[in-house]
S.K.: 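Before anything else, here's the structure in question.
All chains are named by letter (A, B, ...) in the order of the sequence lines, taking the proteins before the strands, and each is independently numbered beginning at 1.
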Amino acid sequence: MLKRALAIISLLIIGYWLAQGLAGVPFGEDKMLVGQYYLDHVKEQTGAVNAVTAVVVNYRGFDTLGEVTVLFIASTGVGALLWRRKKKRTAKTEGSIVLTTGTRLLVPFVMLFGAYIFIHGHLTPGGGFPGGATIATAFLLLYLAFITYEIPHKGFEKTEGLAGMGYVLVGLIGLAIGGYFLFDWIWQTWNFGTENIGRLLSGGFIPIIYTIIGLKVGTELSGIIDNMLKEEVSE
Amino acid sequence: MINELLIILLAPLIAGVIAWALDIKGVREIIGLIGAAIPLAYLAKLYSTVLNEAVNYSVTVSGFTLQFQLNSMSWYFAAVASLVGLAMAFGMASTSKSSYDWLFALMSYTGVLGVFLSQDFVGFFLFWEMMTFASFMMVVRRNRHESLKYFVLSVVGAYAMLIAIGILYAKTGALDFATIRQALYVDSSIGAISTAETAIIFGLFLTAFGVKAGAVPLHVWAPGAYSETDQSYTTFFSGALSKAGAYGFLLLYILMGYKLYAALGTFHGHLTFAYIMAWLGAITVVVAGFLAVLQEDIRKLFAYSSVSQVGYILLAFGLGTSLGFAGGLFHVLSHAVFKGLFWLVTAAIILQTGKTQFKDMGGLAEKMPFTFAMGLIAVLSLSGIPPMAGFASKWLIYEAAISAHMPLVAGAIFLGSGIAFAYVVRFLYAVWFGQRPSDLEDVKEAPLPLLIGMAILAIPNLLFGVAPGIVTEYLNKMLGGEIVGGDYYKLVTPTGTYNALLVTIALTIGLAIAGLVYLYGAKVRKISITNTYQSGNPVTEEFNLSIRKNFYRPLAEALEFWLKYSWDRFYERLAGIAEDFADSLRQAMYNGNVQSYSWYLAIVLLILALWGVL
Amino acid sequence: MISVYYFGAISLILVGLYAILVKKNLLKVLIGLSIMETGVNLLLISVGYVSGRSAPILSEGIGPNQAVDPIPQALVLTAIVIGVATTAMALSVAMLIYEKYGTLNIEEIRRLRG
Amino acid sequence: MNALAAIGEILVLLGTFFYFLSALGLIRMPDVYNRMQTSTKSATLGSLGVLVGVGIWALGTDFGSIPWLTKTVVIAVFLLLTNPISAHALIRAAYKSGIPLWEGSVVDRYREHLEAKEKEKVEAPEGAEETPTEEGGEE
Amino acid sequence: MIGINIYLALIAIATLLSMYRVFRGPTTVDRLVAVDIMTTITTGLMVLFALYYQRMIFLDVALVYAILAFGGVIAFARYLEGGL
Amino acid sequence: MNGQYAALLIALPLISAFFVPLLKGAGKNAIKYFLIAVTALQTGIAAWVFQWVYSTDQPIIVIAGGWKPPVGINLYFGHFAALFVLIVAAISFLMAIFSLKAIEVEPIDKYAMLFLLLMLGATGMIATGDIFNLFVFMEITAISAYALTAYNKTGEAAEASMKYIVLGGIGSSFFLVGIALIYGSLGTLNMAQIAQLAATMDPTVAQVGLALIIFGLAVEAELFPLNAWAPDAYQAAPHPVTVMFSAFVVKAGLYAMARILYLMQAVESWGSVLRLLVILATLTVIVAELAALRQRNVKRMIAYSSIAQIGLIALALALGTQSGVDAGVFHMINHAIVKAMLFLAVGYVAMTLGGADIENFRGLGRKMPLTAFAISVGAIATVGIPLFNIFWSKIRIILATLQVGYTWAAALVLTASVVEAVYYFRLLHTIWFEGDGERINENIVIGLMVLFLAALVVVIGIYPDYAWSLAQKAGNDIFNVAQYVKNVPLMGVGA
Amino acid sequence: MGEASRISRYLYTVIVLFLIWLFLTASLDPQELEIGLLLSLIVGAFTYEIFTTNGLANLSPKRIAYAIAYIPYFLWAMIMANLDVAYRVLHPKRPINPGIVECKTVLESDVGKLSLANSITLTPGTITLDVDGDKYFIHWIDVKDDSVEGASKNITQPFEKFLKVIFG
Ligand code: NA
Ligand code: NA
């Protein structure tokens, strides 16, 4: 009890302190500096309508590469920790016909929608990560409905690796063509899609990278799910 | 051309490394001897130079400029060290079978020389550490407990010094002696460095040098460390290494004398800081002397004796007069040669008999006559019997104490001499005379290298005993004034005169008569080993005193009220408390519960918050 | 007066931290961690909000001066993914712990200490 | 134009009202089974109202366009398909995790069915399905 | 946007009531049912916001949300019946 | 090649890590050798960057995507980064070789990926010029560290990883809050621009933001009492990983802390933040040394010792003076070498003799003389004996501390160092003068590695000038913020 | 009913997906159409096997007509359901009489069973608890008849006439 009381008191003080700090960053005020630059230039510089996407993939592409890496680490780490010589799903009950059939119907749609999300990343909110997560949800549903279902591991692992390499390669091509790592050579060197701003085939390498990320995230999250749902079985 | 100082400094270390790397019996001894001899040779070569102008060398290492200088004072200390170092090397050629010993013995040799030659605190500290480390390595091989004690106290001392250096650096912006000295001199009238700060610096240095010199109560490492290593090495350890502490005290005068005077003032007409040193010395002389008397182990006895004798040097420096300095400096030399000699003799005894306890010895004079002769010289010198070097230096110190109007301190010197006599007598009798235990019948004379080593140290005992003026003349030049008058054979101080030659002649005549009596007088009576004395107590198994066993037990009983307080035990209890504290802290802090750890984070946040909010 | 969004964000952070500080069940602690991360993300988003402006997607008639700051949103996307990754790691570690220790009570998971 | 907006707005109003109703059912009903009875249906219908309402309403505004309606319809269909599946999965979870029916319940054919099945499987016990316990749910 | 406040109020009340059930329980399934309802309501709310801010693009967000929420609820439900 | 190719330092580990899944069929050893090859290549590139930066005395600014800062993210390979990226790569290379023998637990392919990404994370943390990007790289480092800590899949490993995750998670959350505050106040995330604008910040925001960022980083930098995860993680992690933790992961955190600290020196409350850090750093040293004193597990003992050294570095970096920073950087270099050697040797002993308990070290001098020798060199160096590298940096740190007037800190730190001397002494005694045993054949490759590191220790100990000059330049890179700001080609958005 | 050919199933899947795409984008921009077709083809290739067994047969006009007719019928049922809910929730006495009953269905296809189950769940007072073969177990908030036949008559049969045609 004392611990709880102490915790509450301490947290209130900490909270007050944080609030005091935040008071110096008034809510709702325009404090943009670099942000405004992005808004002003995003369309002609990157071909993206969605400034967030442009920031994520273009201006702060390094963060995103890191972000992809973080997820890759998680997938790898989960795989490493839950690695057993032999693993199997040990679920006790199969999903009812309602769930299995519902899943059958939903999976293609969910996957398509995932693809929709990452391919439209430069135009709408979304992008590779939500798209990938959506695709992974499709696999999650399969796992939930069918107790014997497993993703094609080898294919998925290779996709993961290839997609990651693809991202870095796109960056390296930028280095070779434009002189900078992660340089958007499609937009800035080839000027591909400059007349299309606001339409699907624009945005430089954003759709390419988001497709890569979508595939990567989808396979990674599915891999994580697979690892977590299976248990060791003795040989 | 390679600077001579560099050769002097590095020759032992390089020789040690080579000897260690080659590790071929015979070769390593020769290389070691060469390495030990080179500094002495170069110092001899530079003898005439240094009195006129200093030899300098400086090198920049890691952004620090290390300055070395061979001037009259550093030459003196270095010469003493290398004399002992050479003797040590000869001794080790007999007693040590290990390249490990050679490496670290010679490394500590370099360390000591570096300490003496450094003209800046980085070099000083570096070599100080090297010297400490190497000597520690010599001890750790043989005894974990004693080496740990030595190590901890040394590290404490070194770090105290480091802090003092750092404070000086922060205050003066310099690390070299010349600038610091100048800055402190200037500051003694400005007072930018406060009294408290000055006192802290002084205290820290006092601790650092006190540890190395073995001043009570920082002496507790010395008996163990001196005993628990190769005894030839102890020659150097006690003869030269402990002088680094004495040198440090002198350095204190040189660098911050004015400042200390200005900041701390005087006490009963004496410089306060010097007064502290003098009393530290006096207490060391007496306390360590008493402890030496009570030892049953030959090594322990001399270990405490060393501590006691270095106390004289401190005491002398603490007098704060030029005569005091002269006496102290002379004692640096004489203690080095007689105590070094003692340790070589001890090395020889232990090497040939394998015994260390008085109770296991006796009657060795016949078996090891040359060693006995050497031991006798050492005994005479140590107990301050003319015409040995030991007498000259003690006489000077005594005179200095009287003329400095510190009768109590002088009394300590007197008392110390009496005590010293008590323990050397025991050494003389218990080891050399009396009935020989049966297992010592086959004991042979010490091997030649060891004997050479003893000779190297015995000669100066006699030489500077008979002609103490050689030393005082040098000291006069060094200290820049006619401090001790007289000629080669005669020392004149404001309060007295000592004519060594006269005494020698008288003594020779006396000895001749005694010899005649011995030859033609009554038959020598063999003293039975069971010839005990009881001081009025009944003989029992436990209370069975002889010259070889518990000889001074009545004294111990008399001092019991005092002996039950032991610095050693005090430190050990302190260490125990610290360890227990560390344990509890560790168990409590790192209790394994991640929630506790999260709380630590929360508490830090809370502190940050409070600090921000308040 | 701080805005309700800031208030909400700070509250989430504190609630999360509270769970970490008092809950004994490892899963609850991890949930606390996630709540805290959520609060931080909300805070980041709130910091970039500009009153009366719309999402920084320059379509449907929204111009550069009618959009909120795109940077915090981009940052939050990254932060969310990182949070997911951390949670995934944490869960698999928790599974491993449960397998080895047979408990998720954090007071019993302390073989390493001292 | 305005007619569309009005229709849309009414639908939205109805939809949100059903949302409210759904949540109220969550509070008022005595056990989890009956809570689901009331809340799932209302929430789904409410969504239908809100979504289609917004789609139609948007058509009646100056910024609205056909995609508004098609998209909202896609979402509505999605919810129409998935909400009952969720409800089904949840009620099954409730039953299988051992939450007892409300004390006022009159009949439990499912238990009879499971017990009959259990009897059939006596000779193959490892394949037995888990039977719900008599005790109440956790907490 | 005549009644936007009414809608929002209704949604807010609904959310609060569901919240109550989430915290109150008593069973895990109760909480989960409440969460499910909340996700449905939130989906509707997102769509309403899209209209309010006149941004069609938010509709995509609502659909993503609905999909993820569905997956999450099913996962929990299956977990509770021991189907994982 | 132009300087932009320094981006390969990020690209190479990434693309290699992504490549590993394709290599899975080739077998365990293929993956291990691949790891060695990649780290060797990385070392080569790092050496090239190092050579470039130190010969031209100009930093390499990698501009990602061609967007000039602050619009884009830049990497800043100044003197510090060039040096430490090389250290990161070189240590990783050695550890890749060590892994050949030390890692038997499956799945090796995942190990290789995590290994590469840990290296990548530290590299990125050191190189990045953007504060949020720093967060991303910090998380890359941290999450791969979480995974690697638990890699052995024992209960202890999982426990250690869990603690790391919980504490690291709290730290990174608050770090992010700090970023939010600073971004909200300045509208930029570029470090150089933050430094430029720091003086204009609202003092309260600056104080809270800076405090939170330091708090978050201090968890990674193992400052007391935020370091409780560290001993467990060090102990439980696979041996090569422990080396990496101590040699560069924690250094990256420390560097980040120092970098941000100095960037924000214009902030009003800067002085008090420094003071707070000095206190924490001093406590770190004291508590860690005391905790190591009676440690029975040698790996854990050295972990505590490592933390103590980290505290010393943090102390130096928190002094706020050029000499302090130089000394801290110098100590970073030395500590990286020494602790790499120690953990490597101790890890090897634990592998060979079945554990890192002190009992296994009895008579080690006879059983594994080469390894024992390395441990001894490491121990002696750590204690700060002349002729060994740490002596030089330790003395510099103490002098710098006293120069600023933190006598109490210097005194406490040195007192704690006495404790350090004691437990290392005991270890050495146990190794050389206790117990007995038959000579065991020591692995030649590992032997060469420890000898190489031991040689470095002694060479720097005897000839510290080169290392010191490197440290000074690297230290200046951190301390001289004006120069840093000048070097980053800010395109003048807003400012 | 046997499985349709692979091509038929694939084409059916692609067509459905592309229709959904059209609804999602509601755009006739050729770029959207091209990419949409491409994605439908790809996703279809991966998923057609689980998506359908009947393939293009599902697109028979009769089925579509019945499906369209089912929509208002079902919506009406659903609205009734909600009025029922409103009554029960708002009634101060909370008039309920719950229980689990068993029904039988004549539907054979999986999709048909799913539709029936969903329809049941969304209409007055009933939630499908489990389906086992042709047995439906239904939680009924107001049990009027607990026999299998009675329950079936009340609950499943109203929908089956439509669903039988649409899904078989
Ligand atoms: Na739902
Ligand atoms: Na129904």
S.K.: Is it true that A/Arg84 and F/Glu106 have a side-chain N and a carboxylate O under 4.0 angstrom from each other?
M.R.: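 No, no charged N to carboxylate O under 4.0 Å.
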
S.K.: Are A/Lys31 and F/Leu186 close enough that some pair of their side-chain heavy atoms sits under 4.5 Å apart?
M.R.: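 A side-chain contact is absent here, since even the closest heavy-atom pair is not under 4.5 Å.
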
S.K.: Between A/Gly179, A/Gly35, A/Ala176, which shows the greatest number of heavy-atom pairs under 4.5 Å with chain F?
M.R.: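 The candidate making the most pairs under 4.5 Å is A/Gly179.
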
S.K.: I'd like to verify something: which residue of A/Val55, A/Leu18, A/Asp184, A/Asn58 has the highest number of heavy-atom pairs under 4.5 Å with chain F?
M.R.: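 If we count pairs closer than 4.5 Å to chain F, A/Asn58 comes out on top.
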
S.K.: Pick whichever of A/Gly77, A/Gly174, A/Gly161 has the most heavy-atom pairs under 4.5 Å with chain F.
M.R.: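 The option with the most such pairs is A/Gly161.
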
S.K.: Below 4.5 Å from any heavy atom of chain A, which atoms of F/Val177 appear? Answer side chain, backbone, both or neither.
M.R.: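 When you check distances to chain A, only side chain atoms of F/Val177 fall under 4.5 Å.
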
S.K.: When rounded to the nearest 0.5 angstrom, what is the spacing between CG in F/Leu22 and NZ in A/Lys154?
M.R.: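 Rounded to the nearest 0.5 Å, the CG-NZ separation comes to 13.0 Å.
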
S.K.: If you take all heavy atoms of A/Phe62 and F/Ala64, which pair is closest and at what distance?
M.R.: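 Nearest heavy atoms, A/Phe62 then F/Ala64: CD1-CB, 3.2 Å.
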
S.K.: Any idea which of F/Ala180, F/Ser185, F/Pro70 has the most non-hydrogen atom pairs under 4.5 angstrom with chain A?
M.R.: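 The answer is F/Pro70.
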
S.K.: Is chain F contacted by the side chain of A/Glu67, its backbone, both, or neither, given a heavy-atom distance below 4.5 Å?
M.R.: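 Just the backbone, heavy atoms under 4.5 Å.
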
S.K.: Highest number of heavy-atom pairs under 4.5 Å with chain A: which of F/Lys24, F/Gln207, F/Met201?
M.R.: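 The option with the most such pairs is F/Lys24.
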
S.K.: Is the CD atom of F/Glu268 crowded by more than 12 outside heavy atoms at less than 6.0 Å?
M.R.: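 For F/Glu268, atom CD is not crowded (no more than 12 foreign heavy atoms under 6.0 Å).
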
S.K.: Heavy-atom distance under 4.5 Å between the side chains of F/Phe18 and A/Lys216, does that happen here?
M.R.: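 In short, these two side chains touch, coming nearer than 4.5 Å.
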
S.K.: Taking side chain as everything from C-beta outward and backbone as N, CA, C, O, which of these in F/Ile140 sits under 4.5 Å from a heavy atom of chain A? Side chain, backbone, both or neither.
M.R.: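 Its backbone and side chain both get close to chain A.
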
S.K.: Under 4.5 Å between any side-chain heavy atoms of A/Thr69 and F/Phe137, yes or no?
M.R.: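 Sidechains of F/Phe137 and A/Thr69: no contact.
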
S.K.: Where does F/Asp130 contact chain A at under 4.5 Å (heavy atoms): side chain, backbone, both or neither?
M.R.: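 Side chain only.
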
S.K.: If every non-hydrogen atom of A/Thr76 is compared with every non-hydrogen atom of F/Lys110, which pair is closest and at what distance?
M.R.: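 Looking at all heavy atoms of both residues, the shortest contact is O-CD, 3.4 Å.
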
S.K.: Does atom NZ of A/Lys3 have more than 12 heavy-atom neighbours, drawn from other residues, nucleotides or ligands, at distances under 6.0 Å?
M.R.: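 Yes, the 6.0 Å shell around NZ holds more than 12 heavy atoms from other groups.
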
S.K.: Nearest 0.5 Å please: distance from the CG atom of F/Leu117 over to the CZ atom of A/Phe72.
M.R.: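 The CG atom of F/Leu117 sits 6.0 Å away from the CZ atom of A/Phe72.
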
S.K.: A/Leu81 vs F/Tyr146, test: side-chain contact (heavy atoms from CB on, under 4.5 Å). Steps then yes/no.
M.R.: CA-CA 10 Å; A/Leu81 297 199; F/Tyr146 303 154; over 6 Å; no

S.K.: Looking at chain A, which one of F/Ala7, F/Pro107, F/Pro203, F/Gly72 has the largest number of heavy-atom pairs inside 4.5 Å, strictly under?
M.R.: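 The candidate making the most pairs under 4.5 Å is F/Pro107.
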
S.K.: Under 4.5 Å, counting heavy-atom pairs only, tell me which of F/Ala150, F/Ala147, F/Gly209 racks up the most with chain A.
M.R.: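 Looking at each of F/Ala150, F/Ala147, F/Gly209 in turn, F/Ala150 comes out on top.
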
S.K.: Identify which of A/Val70, A/Leu175, A/Leu65 forms the greatest number of heavy-atom pairs closer than 4.5 Å to chain F.
M.R.: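 Counting heavy-atom pairs under 4.5 Å, the top option is A/Leu175.
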
S.K.: State, to 0.1 Å, how close A/Leu33 and F/Gly187 come at their nearest heavy-atom pair, and which atoms those are.
M.R.: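 That would be CB-O, 3.4 Å.
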
S.K.: Does the A/Tyr38 side chain pair with the main chain of F/Val71, one donor and one acceptor, at a distance under 3.5 Å?
M.R.: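 Flag set: sc A/Tyr38 to bb F/Val71 pair under 3.5 Å.
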
S.K.: So which residue, A/Val78, A/Val25, A/Ile73, ends up with the most heavy-atom pairs under 4.5 Å with chain F?
M.R.: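 Highest number of pairs under 4.5 Å: A/Ile73.
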
S.K.: Select, from F/Ile15, F/Asp202, F/Ile143, the one with the greatest count of heavy-atom pairs under 4.5 Å involving chain A.
M.R.: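 Heavy-atom pair counts peak at F/Ile15.
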
S.K.: Got F/Leu212 and A/Trp17 here, is their nearest side-chain heavy-atom distance under 4.5 Å?
M.R.: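 Yes - at least one pair of side-chain heavy atoms lies under 4.5 Å apart.
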
S.K.: Checking heavy atoms, do the side chain of F/Leu75, its backbone, both or neither come under 4.5 Å from chain A?
M.R.: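 Looking at F/Leu75, just its side chain touches chain A.
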
S.K.: Could you look at F/Ile108 and say if it's the side chain, the backbone, both or neither that has a heavy atom under 4.5 Å from chain A?
M.R.: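 Answer is neither: F/Ile108 stays 4.5 Å or more from chain A.
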
S.K.: Report the option among A/Ala23, A/Pro26, A/Gly24 that has the most heavy-atom pairs separated by less than 4.5 Å from atoms of chain F.
M.R.: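 The option with the most such pairs is A/Gly24.
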
S.K.: Between F/Thr188, F/Ile73, F/Asp109, who has the most heavy-atom pairs with chain A when the cutoff is under 4.5 Å?
M.R.: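 The answer is F/Ile73.
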
S.K.: Starting from the C-alpha separation in whole Å, work towards a yes-or-no answer on side-chain contact (heavy atoms from CB on, under 4.5 Å) for A/Val68 and F/Leu14.
M.R.: CA-CA 10 Å; A/Val68 169; F/Leu14 267 182; over 6 Å; no

S.K.: Set out, in order, the CA-CA distance, both residues' side-chain angles and the distance that settles side-chain contact (heavy atoms from CB on, under 4.5 Å) for A/Met165 and F/Phe19, then state yes or no.
M.R.: CA-CA 7 Å; A/Met165 288 171 71; F/Phe19 181 70; 3.6 Å; yes

S.K.: Working to the nearest 0.5 Å, report the span between CG of F/Leu181 and CG of A/Leu22.
M.R.: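 Interatomic distance, F/Leu181 CG to A/Leu22 CG, rounded to 0.5 Å: 5.0 Å.
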
S.K.: Are any non-hydrogen side-chain atoms of F/Leu8 and A/Leu172 less than 4.5 angstrom apart?
M.R.: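 Of all side-chain heavy-atom pairs linking A/Leu172 with F/Leu8, at least one is under 4.5 Å.
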
S.K.: Ignoring hydrogens and geometry, is there a side-chain-to-backbone donor-acceptor pair from F/Lys153 to A/Ala80 under 3.5 Å?
M.R.: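 Checking the backbone N and O of A/Ala80 against the side chain of F/Lys153, a donor-acceptor pair under 3.5 Å is found.
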
S.K.: Counting only non-hydrogen atoms closer than 4.5 Å, does F/Met491 touch chain A with its backbone (N, CA, C, O), its side chain (CB onward), both, or neither?
M.R.: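 Only the side chain of F/Met491 comes within 4.5 Å of chain A.
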
S.K.: Quick one, A/Gln45 and F/Trp67 - any side-chain contact, counting heavy atoms below 4.5 Å?
M.R.: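 Answer yes - side chains close enough.
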
S.K.: Are side-chain heavy atoms of A/Phe183 and F/Gln4 found at a separation under 4.5 Å?
M.R.: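 The answer is no; the side chains never approach within 4.5 Å.
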
